[in-house]
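Reviewing the structure listed below.
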Amino acid sequence: SNWRHSRPHVVKAWWLAQISAMAVRPSATMRCCSLLAAVSLADGLRGLPIPAALRSAAPVASTSRSLRTVQNIRRTPHACRASPVISMKWDVQLAPWQLEYGLQDPSIPLPTGALESGAPAPFEITDEQRARLIEDGVVHIPGLLNDEWLEYLRSATDWQVQNPHFWSVAGVVSGLYDYIQRSIWSSNSAFANFMYYSPLASALAGLSNAEELRLATDLLMVNPNKGFKWHQDNQNGPIDAFGDNKALRWWVTMDDTPPDHGAPVYLKGSHRNTCVSPDAVFVDLEQDGLLQYPELLEFRPKAGDLIVWHARSIHKIDGPSSADWGSSKRRVLGGTVALNAATYESMGRALFSDMGSHGLVDGDPLVHPLFPKIYPKPEPSEMAERAAGRCTRTREGMTRLASRMFESAGEMVSWTRVLKAKEKSRA
Ligand SMILES: O=C(O)CCC(=O)C(=O)O
């Protein structure tokens, strides 16, 4: 029984050691990349279906208040802030022999009629909602998912957590989330079907008046233990997501927001800022000139709600003060869609959703099964590529990512040197 208790910690320590080795030794990194590529190509074990989770829908609320109020709240001392212990409370099994490496199919039945329609379910967007997105840079759409779709997405998520994929390891080991996995549409057919048939794509098209949408990236995020401080989004896939009318960020929650944490908060109008560098992720409101956007939009979405925003909108989510969601759940599927005739624009960036082989170069039309069309309807040939396991990470794609990460690490080092030299000369 001692082993049973200590096993998760041993496995976690083992993965941490692997990841640290990758970070500090370039040669080891390259070796790991080859290993990761090899296992990503392997067609692994299949998982088994798990019964659906329970649903609880509730009414909607969102509030707007001033930055000053929220800054005061943030300054309130938190109980137990020190040394939070992240438990593997969902008992995510990360032992290498318990992971899935290839395609996964939980065989969860789709809501009635979804498959037959061959297209996303309809969803009406109002003029007021469209105007809010343009004006504020963010909009809350209550009730995107009906009971059937909500239960479907919850079942898919719970199944995924109980059948973790190899690609979730780094995120789960970090403890930032209880479970986190990017490009989940490509490995798990339940999430692919959600993208093809749920009302999500119709809502996004309605908000942007787009005629065509492609999925540029997605991310399953379960329980953000430490929250996510003020930031803009720059992992949007190989597209120009900061451009005008080029992309939309989206976020569908499967759980009600708790009363005192977990609420997405946005700086109203901050999508128009010109002071935050496109490379930045986290921002400092004062130093980055963002106090000119003093109005906060704080949303308290309910299960099944959607939030949509511009990638430049500055936002955050505060985790619980204990940095641990305990037994409660906060399951979210989020991502970015490219609008209309988008082009492939990697711009030399290290992009976590661009780890496959596609032959596209900057400026090419973004037409490839790795960035699947989801509106007005999915493309059967692209769906077949995914189902055959060919929308996956490859050695070429991972080497591309690794080399770009090294390049940006090199840039960062030389930039820090320049900064230090400047500071010295000033002193
Ligand atoms: O929901 C979360 O955990 C973080 C969401 C977020 O800030 C984002 O997707 O940019």
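Every number for a ligand or one of its atoms is a count from 1 in the order of the listing.
- How far CZ of Arg349 is from CG of Asp354: 9.0 Å, rounded to the nearest 0.5 Å.
- Aromatic ring orientation, Phe371 versus His358: tilted (interplanar angle from 30° to 60°).
- Taking the side-chain hydrogen bond (donor to acceptor under 3.5 Å, both in side chains) definition, one finds that Ser357 meets it with Thr394, Glu396, sequence neighbours left out.
- For Thr112, the side-chain hydrogen bond (donor to acceptor under 3.5 Å, both in side chains) partners at least two apart in sequence or on another chain are Glu148.
- Pairs of residues two or more places apart, or lying in two chains, never qualify as ring-ring contact (aromatic ring centres under 6.0 Å, His included) while including a residue from residues 202-227.
- In terms of modelled atom types and a separation under 3.5 Å, the side chain of Thr257 and the main chain of Ala263 share no donor-acceptor contact.
- Contact residues of ligand 1 (protein heavy atom closer than 4.0 angstrom to a ligand atom; sorted by chain and number): Tyr177, Met221, Pro224, His231, Asp233, Arg249, Trp251, Trp309, His315, Ile317, Arg330.
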